[in-house]
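Accompanying notes for the structure given below.
Only this structure's heavy atoms are used, side chains among them; waters, hydrogens and symmetry mates stay out. Given the structure is predicted, the values throughout are model-derived calculations rather than measurements. Counting convention: from 1, in listed order, for ligands and their atoms alike.
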Amino acid sequence: MNKNIAIYPGSFDPPTNGHLDLIERGSKIFDELVVAILRNPDKDPLFSVSERAAMLEALTGHYSNVRVDTFDGLTVDYAVRVGASSVLRGIRALSDYEYELQMALMNRKLRPELETVFMMPAEKYSYLSSRLVREVAQLGGSVKGLVPELVEQNLRGKLDPAYKLAEFAPAREERSETRKSRARKKA
Ligand code: PNS
């Protein structure tokens, strides 16, 4: 019998808990799921493709039917190359729908034999995106619970040293508040 293979294409810069939630769901309905990282020379990523692949491999190693790969060119051509019949994509909110619909219909025009399958991640991840995770982490905010610990550690390694220091020092406003309250006490 033919295996029901799907690819889950994306940038994964970095992988989030939302991606992992979708991988878990996808691994249950497909015989094989290929997490496919786009090698996009136009983008200026935070993590290199090999760093993202290493993270995803470590994070999905416990699924016997999930593997991680990288690709360039058209997603549909890659899907056909690996023998996939479906493209898995996540839809978080209505705002994702228009872009995802355009991609799905363009992919259908290019390769009518491929189906795009949409799945919804858990509600708690519905506002989560790699872009926001990058921004919050780079500005010194906490991304705990939004990305796996491994990704959190790797994000820390990429942080601007100024924000790393900020983790241990009180924020500027707090410092000036402390000064003000000391001055009030003295007065
Ligand atoms: O995680 P992302 O950035 O939303 O993933 C977008 C991705 C990689 C699925 C999309 O950009 C893509 O398929 N790129 C490959 C080139 C391609 O096939 N373009 C036509 C899409 S209709």
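- With sequence neighbours left out, the salt bridge (charged side-chain N to carboxylate O under 4.0 Å, His left out) criterion links Lys3 to Glu32.
- Put simply, CG on Leu132 and CD on Glu135 are 6.5 Å apart, with the number rounded to the nearest 0.5 Å.
- Distances below 4.0 Å separate heavy atoms of Leu38 from the following atoms of ligand 1: 8 (C), 14 (N), 15 (C).
- Within the 4.0 Å heavy-atom shell around ligand 1 one finds Gly73.
- Checked for salt-bridge contact, Glu123 and Arg92 miss the test: no charged N lies under 4.0 Å from a carboxylate O.
- Other members of the cluster containing Val34 are Ile5, Ile7, Leu38, Phe71, Leu74, Val76, Tyr78, Val82, Val87, Met106, Leu110, Leu114, with ILVMFWY side chains joined at under 4.5 Å, either directly or via other members.
- Closest to atom 11 (O) of ligand 1, if we only count protein heavy atoms, is Tyr99 OH, 4.1 Å.
- Side-chain atoms of Gln153 never come within 3.5 Å of backbone atoms of Leu150 as a donor-acceptor pair (strictly under, hydrogens ignored).
- The protein non-hydrogen atom at the shortest distance from atom 1 (O) of ligand 1 is Ser11 N, 3.0 Å.
- With respect to Arg108 and Glu115, a salt bridge is recorded, a charged nitrogen being found less than 4.0 Å from a carboxylate O.
- Both the backbone and the side chain of Leu74 come within 4.0 Å of ligand 1, counting heavy atoms alone.
- Neither the backbone nor the side chain of Gln102 comes within 4.0 Å of ligand 1, counting heavy atoms alone.
- Ligand 1 places these atoms under 4.0 Å from at least one heavy atom of Met103: 10 (C), 22 (S).
- Regarding atom 7 (C) of ligand 1, its nearest protein heavy-atom neighbour is Arg89 NH1, 4.3 Å.
- Panel note: side chain Arg52, backbone Ser11; a donor-acceptor pair is recorded below 3.5 Å.
- Residue Met106 touches ligand 1 through its side chain alone, judged by heavy-atom distances below 4.0 Å.
- The option from Thr75, Asn107, Asn40, Leu110 that lies nearest to atom 21 (C) of ligand 1, judged by heavy atoms, is Asn107.
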